[in-house]
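Heads up: the structure comes next, in structure tokens.
Atoms considered below: every heavy atom in the structure, side chains included; atoms not considered: hydrogens, waters and symmetry mates.
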Number of protein chains: 2
Amino acid sequence: MVTLKDVAKVAGVSYATVSRALSGSSEIGEQTRKRILKLCEEMGYTPNAVARSMVMKRTNIIGLIVASIENPFMSELTSHIEIHARHNGYNLMVCNSSYDTELEKEVFSLLLGRQVDGVILLPVGSGSYSSLQQLTAQVPTVFISENLQDLPENYVAIDNRQGMAAATEYLYSLGHRRILYFGCRSNSVTHRLRLEGYEQACKSAGIAPEVLYSPFERSSQEAGYRLAAGYFQDGIRHTAMLCASDSLAIGVMQAAYENGVSIPNRLSLMGFDNISFAALPPIDLTTVDQPKERMAKAAVDMLIERIKNPDLPHTHEILPPLLVLRSSCRAVRS
Amino acid sequence: MVTLKDVAKVAGVSYATVSRALSGSSEIGEQTRKRILKLCEEMGYTPNAVARSMVMKRTNIIGLIVASIENPFMSELTSHIEIHARHNGYNLMVCNSSYDTELEKEVFSLLLGRQVDGVILLPVGSGSYSSLQQLTAQVPTVFISENLQDLPENYVAIDNRQGMAAATEYLYSLGHRRILYFGCRSNSVTHRLRLEGYEQACKSAGIAPEVLYSPFERSSQEAGYRLAAGYFQDGIRHTAMLCASDSLAIGVMQAAYENGVSIPNRLSLMGFDNISFAALPPIDLTTVDQPKERMAKAAVDMLIERIKNPDLPHTHEILPPLLVLRSSCRAVRS
DNA sequence: GCAGTTTACGAAAACGTTTTCGTAATTTTA
DNA sequence: TAAAATTACGAAAACGTTTTCGTAAACTGC
């Protein structure tokens with residue numbers, strides 16, 4: 001590897017001069033700058049980012065912790081985060097937490113040792129963030145896609161309550177009066193808010209909320225499948241099913257398929273998240289979109305702001321969800 | 001941040017001693033080691049990986065360049081690579097190349113500047129790797145999921161030819177004699193081999209190969225959709241369709257759906273890759289699996305070997321693909 | 001009890017940068 | 001034209017580690 005010192009030696013100048021030529025400093029003559037830049041080119045010099053980080057006390061690396069990269073929702077977010085971060089001069093160090101709060105803390109510490117300038121956390125969503133606080137206190141951190149309410153943290157999320165309320169109202173507008181909510185027994189605030197949105201909209205519409213919970217399992221698709229399979233055994237008592245997530249809805253779809261329940265003819269089905277699966281024509285799930293690109297950008301921008309000025313107070317940004325109408329819902333025959 | 005020097009000062013020893021206590025060196029007394037480790041704990045000392053990298057001339061970071069993280073196939077691979085790398089003491093720096101060969105080279109250089117110990121490349125697949133060679137020559141590199149034949153590179157791939165031959169034979173065994181191949185006009189060797197596998201199996205079976213090409217577009221799903229839509233206009237002349245990738249097949253499925261062509265009743269459909277989409281019940285696509293976890297492990301292991309011993313000759317590993325039977329294919333009525 | 005060996009530790013260099021400070025050389029001002 | 005200001009550069013410290021080398025002190029064998 002050719003270093004700055006090597007270039008300086010060949011050029012017959014001090015390393016300070018080479019450094020200045022590269023950094024665009026004004027403390028250098030125009031002709032020497034050109035000479036040195038040309039020499040760097042010729043010698044194939046690449047600045048060593050590690051050495052630079054050492055003295056600058058900043059790595060220009062953002063750590064990203066995500067529950068599971070292979071989850072389509074999370075991989076979409078990850079992709080946008082990477083691109084937007086890179087456009088701002090940051091690289092991404094990515095770690096899976098594999099839905100494990102212990103591992104989540106472990107990789108967080110690991111990233112701290114790596115001296116990342118900040119962390120974006122797509123949390124497991126255990127509902128308990130107290131044990132993370134001694135870690136988030138050590139480096140600028142932004143949570144994404146998890147509503148942390150009044151916790152002293154930075155986060156970007158959508159208005160889950162409003163989103164689910166809008167979903168409920170949409171079903172109501174199609175004539176549905178018996179709408180079953182398929183909830184997720186997660187402790188996350190996100191899921192609590194979604195449920196509240198449903199209940200609130202039911203109340204406003206004057207219909208009775210009915211809720212079925214899935215136990216929180218590794219795969220919510222599996223959970224939706226089992227829950228729906230059980231439900232179908234006893235006969236269909238509703239005209240629409242509103243699921244806490246697209247994954248759940250897809251599980252339901254599988255069970256419906258196997259039980260000969262036609263969607264949307266016999267049952268309207270709605271999800272939440274708008275993962276890329278949902279748009280596939282054979283699925284074509286009506287759902288509520290989380291604007292992933294906007295969320296990613298907002299999180300990166302928020303983080304960079306806090307990296308530049310660590311004393312900024314905690315903040316959060318709540319983006320509006322968007323109803324995505326597809327073919328899994330239809331109006332009730334009158 | 002509390003540093004090793006701080007600990008040394010409090011402990012009243014030199015920094016060498018603290019370093020030795022932490023590294024498990026034998027050149028230190030048992031009681032001092034314990035005393036220092038306890039002190040490190042108390043003071044909340046975290047080793048600075050950047051400083052360590054500086055002197056060790058090794059970062060324990062693997063760079064991963066992927067065409068698009070949000071592509072389900074690639075995100076699955078990414079996830080397994082991250083986990084396996086971390087278990088071996090490496091962290092992952094991830095970059096999107098966004099299907100752009102120029103950007104691919106750009107981020108590669110960027111990773112070189114970051115002093116990554118090695119690079120795993122999930123390439124755009126332009127078919128031309130010569131311009132990459134001056135980059136891959138500078139750091140241990142392993143290509144994944146792209147068959148590079150005799151190129152002087154390291155790679156992990158599947159036997160694409162055999163996989164597609166097996167797919168063809170399976171359709172033949174179901175009684176299909178008119179099998180249309182939906183190819184991808186990509187320049188990648190991978191796609192050439194798949195086509196060859198199809199042609200070879202046709203020849204052995206004594207049936208005529210028929211091929212329709214999609215132009216290489218950003219989204220192969222879109223390409224499949226357009227190609228199939230055109231095909232259906234002129235009437236169905238085949239009993240089975242074999243697609244070069246699952247994405248293509250899903251596009252075909254959409255077109256079939258819209259044209260009232262029932263799969264598998266009217267037309268058997270087969271894909272290749274086994275992306276997670278393919279398993280979703282409403283899709284349930286018969287396909288050829290690329291064993292992603294095994295590929296990821298093989299690539300990481302191959303890379304680490306070459307990091308430890310950079311003088312190792314180039315090598316490659318070809319894994320066997322696996323037929324995944326689902327419901328998108330059926331036997332021809334006799 | 002003395003030479004030789006081992007053990008346990010400290011001093012200091014090294015990694016490749018950036019940046020501060022100092023200073024000749026040049027330019028500007030009066 | 002002398003003093004003051006500016007420009008262009010070099011010397012050296014600093015960042016937080018690891019590791020080599022040197023050396024007292026403790027131990028070994030006879």
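- Each of dG10(D), dT18(C), dG16(D) was ranked by its minimum atom distance to the side chain of Met54(A); first place goes to dG16(D).
- Residue Arg20(B) has its side chain nearest to dC21(D) when only dG16(D), dC9(D), dC21(D) are considered.
- Contact annotation for Thr32(B): backbone-only contact, meaning every heavy-atom pair under 4.0 Å involves sugar-phosphate atoms and none involves a base.
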Could I get a table of every N or O pair under 3.5 Å where one atom is in the protein and the other is in nucleotides 23-25 of chain C?
none

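- With 3.5 Å as the limit, one finds a donor-acceptor pair spanning the side chains of Thr59(A) and Asp117(A).
- When each of Ser14(B) and Met56(B) is assigned the nucleotide of DNA chain C with its nearest heavy atom, Ser14(B) is the one assigned upstream, toward the 5' end.
- Across all strands, Thr3(B) comes closer than 4.0 Å only to sugar-phosphate atoms, never to a base (heavy-atom distances).
- When the options His80(B), Arg86(B), Glu82(B) are evaluated for a side chain to side chain donor-acceptor pair (under 3.5 Å) with Asn96(A), the one that passes is Glu82(B).
- With the nearest nucleotide of DNA chain C identified for both Asn48(A) and Ala16(A), Asn48(A) has the one nearer the 5' end.
- When all heavy atoms of Thr136(B) and Glu153(B) are compared, the pair lying nearest together is OG1-OE2, 3.0 Å.
- Looking at heavy-atom distances under 4.0 Å, Val13(B) makes contact with sugar-phosphate atoms alone, never a base.
- Looking at heavy-atom distances under 4.0 Å, Lys57(B) makes contact with sugar-phosphate atoms alone, never a base.
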Would you give a per-nucleotide map of nucleotides 22-28 of chain D, 5' to 3', where B means the base has a protein non-hydrogen atom under 4.0 Å away, S means only the sugar-phosphate does, and - means neither? -------
